[in-house]
S.K.: 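There's a structure below that I have some questions on.
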Number of protein chains: 2
Amino acid sequence: MRIGELSERTGTPRRLLRYYEEQGLIVADRLPNGYRVYDASNVDRVMQIRGLLDAGLPTRIIKQILPCLNKPRMIHFPDATPEMLETLENERDRMTDRIRCLTRNRDAVAEYLDVVREKLAAGSPA
Amino acid sequence: MRIGELSERTGTPRRLLRYYEEQGLIVADRLPNGYRVYDASNVDRVMQIRGLLDAGLPTRIIKQILPCLNKPRMIHFPDATPEMLETLENERDRMTDRIRCLTRNRDAVAEYLDVVREKLAAGSPA
DNA sequence: TCGAACCCTCACATTGATGTGAGGGTCAAG
DNA sequence: CTTGACCCTCACATCAATGTGAGGGTTCGA
């Protein structure tokens with residue numbers, strides 16, 4: 001598929017798909033006329049990227065993380081330098097922190113909403 | 001305490017504490033000379049703010065969420081407009097999405113690191 | 001052959017969270 | 001009184017993610 005279709009399928013502006021490529025997050029083949037071509041796997045990858053960006057990770061870190069996500073046998077670690085492993089460990093821990101923070105706050109918001117809804121339910125039938 | 005101490009206790013530059021105030025995330029009393037004064041509760045609140053910012057939430061949303069976090073009896077909902085409740089529900093769901101995304105990716109990174117560490121452990125004693 | 005709908009590469013603008021520093025008060029200790 | 005360590009308010013700078021559009025090719029069907 002070309003960039004327009006990938007854009008539609010992922011809900012991501014073309015501009016950003018080119019930006020992600022520039023940042024080394026995705027790769028695209030080129031047609032003889034210069035058009036980018038993508039295969040289906042890029043759809044999931046772009047979704048991953050968007051999710052991680054939305055969760056506060058910068059592209060620089062996402063770039064490190066993405067190679068870990070190739071489920072079908074990970075053959076991608078012989079090139080892992082010790083400093084890169086340290087980065088990954090740090091990021092793993094930071095992600096855990098984020099999860100904790102988000103969970104705590106999400107639960108608080110949810111509880112708040114539950115209480116409010118109770119109040120409203122108790123008030124309206126009166 | 002004054003801004004310097006709050007800055008130290010939270011590891012947050014003074015500049016940002018003023019910024020958070022400007023965005024309506026925290027409030028500060030003032031001494032007669034204009035200095036900001038904070039009480040201990042602000043330490044936790046600033047930590048919350050930093051955590052949420054780091055998790056990708058904009059100050060505008062954090063501002064909506066913070067009132068939900070006052071555990072000691074929430075007396076703060078009579079002013080809840082329906083549109084604000086909708087915002088909160090949306091945010092709650094987005095936070096859930098973020099948590100899912102982060103968890104999935106964190107687990108993948110963790111698994112990757114485990115595998116790499118196994119490989120290294122198997123290689124070094126040889 | 002013409003127009004619509006694609007695609008390309010710049011390149012400048014914006015927004016939100018920050019950094020940095022100038023210019024200037026306050027206040028306690030020497 | 002002066003110095004150092006605080007504090008204040010601007011205001012401009014930066015960085016990453018994103019918006020916008022100019023200027024220009026390609027392709028395909030009417």
Side-chain angles (χ1 to χ4, degrees), chain A residues 1-39 42 45-66 87 91 94 97-98 101-102 105, chain B residues 1-39 42 45-66 87 91 94 97-98 101-102 105:
Chain A
M1 84 192 81
R2 283 171 305 177
I3 203 174
E5 190 178 341
L6 184 59
S7 169
E8 257 181 35
R9 285 217 223 166
T10 61
T12 307
R14 294 142 222 256
R15 169 73 174 89
L16 289 186
L17 295 176
R18 301 197 184 100
Y19 175 67
Y20 298 155
E21 180 179 341
E22 186 183 298
Q23 301 301 306
L25 304 185
I26 51 179
V27 268
D29 280 345
R30 297 292 184 130
L31 292 176
N33 59 12
Y35 289 14
R36 274 165 260 253
V37 264
Y38 306 90
D39 58 77
N42 281 298
R45 170 161 281 229
V46 169
M47 305 287 254
Q48 288 274 349
I49 293 169
R50 302 228 93 202
L52 290 171
L53 277 173
D54 185 59
L57 282 79
T59 57
R60 176 178 40 87
I61 296 299
I62 297 176
K63 190 175 172 181
Q64 314 276 143
I65 287 179
L66 282 176
T87 302
E91 268 333 293
R94 286 197 45 158
D97 291 345
R98 271 185 260 249
C101 175
L102 280 172
N105 285 281
Chain B
M1 83 192 81
R2 282 170 306 175
I3 203 173
E5 190 178 342
L6 183 59
S7 169
E8 258 181 36
R9 285 217 223 168
T10 61
T12 307
R14 293 141 223 256
R15 169 73 172 88
L16 288 186
L17 295 175
R18 300 197 185 99
Y19 176 67
Y20 299 154
E21 180 179 340
E22 186 183 297
Q23 301 302 307
L25 304 185
I26 51 180
V27 269
D29 279 346
R30 298 290 185 132
L31 293 176
N33 60 11
Y35 289 13
R36 273 165 261 252
V37 264
Y38 305 89
D39 58 77
N42 281 299
R45 169 161 282 229
V46 170
M47 304 288 253
Q48 288 273 349
I49 293 169
R50 300 228 96 201
L52 290 171
L53 276 174
D54 184 60
L57 282 80
T59 56
R60 175 178 39 86
I61 296 299
I62 296 176
K63 190 175 172 181
Q64 315 276 141
I65 288 179
L66 282 175
T87 302
E91 267 335 290
R94 287 198 45 159
D97 291 345
R98 271 185 261 249
C101 176
L102 281 172
N105 285 282

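Numbers restart at 1 for each chain; the letters A, B, ... are given by sequence-line order, proteins then strands. Reckoned from all heavy atoms, side chains included, excluding hydrogens, waters and symmetry mates.
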S.K.: Would you please confirm or rule out a distance under 4.0 Å between OP1 or OP2 of C:dG16 and any side-chain N or O of B:Thr59?
M.R.: no

S.K.: Nearest to the side chain of A:Pro13, which nucleotide is it out of D:dG19, D:dT26, D:dT9?
M.R.: D:dG19

S.K.: Between B:Arg36 and D:dC7, does any side-chain N or O lie under 4.0 Å from OP1 or OP2?
M.R.: no

S.K.: Looking at A:Arg18 and A:Glu22, is there a salt bridge between them, counting it only when a charged N and a carboxylate O are closer than 4.0 Å?
M.R.: no

S.K.: Decide, yes or no, whether a salt bridge links B:Glu91 with B:Arg98 under the criterion of side-chain N to carboxylate O below 4.0 Å.
M.R.: yes

S.K.: Take the protein atom CD of A:Glu5 and the nucleotide atom P of C:dA5, then report the distance between them rounded to whole Å.
M.R.: 17 Å

S.K.: Round to a whole Å and report the spacing from CD of A:Glu8 to C1' of C:dC7.
M.R.: 15 Å

S.K.: With a non-hydrogen cut-off below 4.0 angstrom, is B:Arg14 in contact with a base, only sugar-phosphate, or nothing?
M.R.: sugar-phosphate

S.K.: Contact class for B:Leu53 vs. all strands (heavy atom < 4.0 Å): base, sugar-phosphate, or nothing?
M.R.: sugar-phosphate

S.K.: Between A:Arg30 and A:Glu21, does any side-chain N to carboxylate O distance fall below 4.0 Å?
M.R.: yes

S.K.: Nearest whole Å is fine: how far is C:dA17 C1' from B:Leu25 CG?
M.R.: 12 Å

S.K.: Kindly point out which of D:dC7, D:dT18, C:dT18 is positioned nearest to the side chain of B:Arg2?
M.R.: D:dC7

S.K.: Taking the side chain of B:Arg18 as heavy atoms from C-beta outward, which of D:dC12, D:dT9, C:dC8 is closest to it?
M.R.: D:dT9

S.K.: Pick the nucleotide of DNA chain C nearest each of A:Arg30 and B:Gln23; which residue has the one closer to the 5' end?
M.R.: A:Arg30

S.K.: For DNA chain C, whose closest nucleotide is more 5', that of B:Leu57 or that of B:Tyr35?
M.R.: B:Leu57

S.K.: Rounded off to whole Å, could you give me the CG-to-P distance for the B:Leu31 and D:dT9 pair?
M.R.: 12 Å

S.K.: Would you say A:Asn33 reaches D:dG25's phosphate, i.e. side-chain N/O to OP1/OP2 under 4.0 Å?
M.R.: no

S.K.: On DNA chain D, check which nucleotide each of A:Tyr20 and B:Ile3 is closest to and give me the residue with the more 5' one.
M.R.: B:Ile3

S.K.: Reckon B:Tyr19 has a side-chain N or O less than 4.0 Å from the OP1 or OP2 of C:dG19?
M.R.: no

S.K.: Is the closest side-chain heavy-atom distance between B:Cys101 and A:Asp54 below 4.5 Å?
M.R.: no

S.K.: Indicate the atoms forming the closest heavy-atom contact of B:Arg14 with B:Ile3, along with that distance.
M.R.: O-CD1, 3.9 Å

S.K.: For C:dC8, take OP1 and OP2 only and decide whether either is under 4.0 Å from a side-chain N or O of A:Arg15.
M.R.: no

S.K.: How many whole angstroms separate atom CG of B:Leu6 from atom C1' of D:dC7?
M.R.: 14 Å

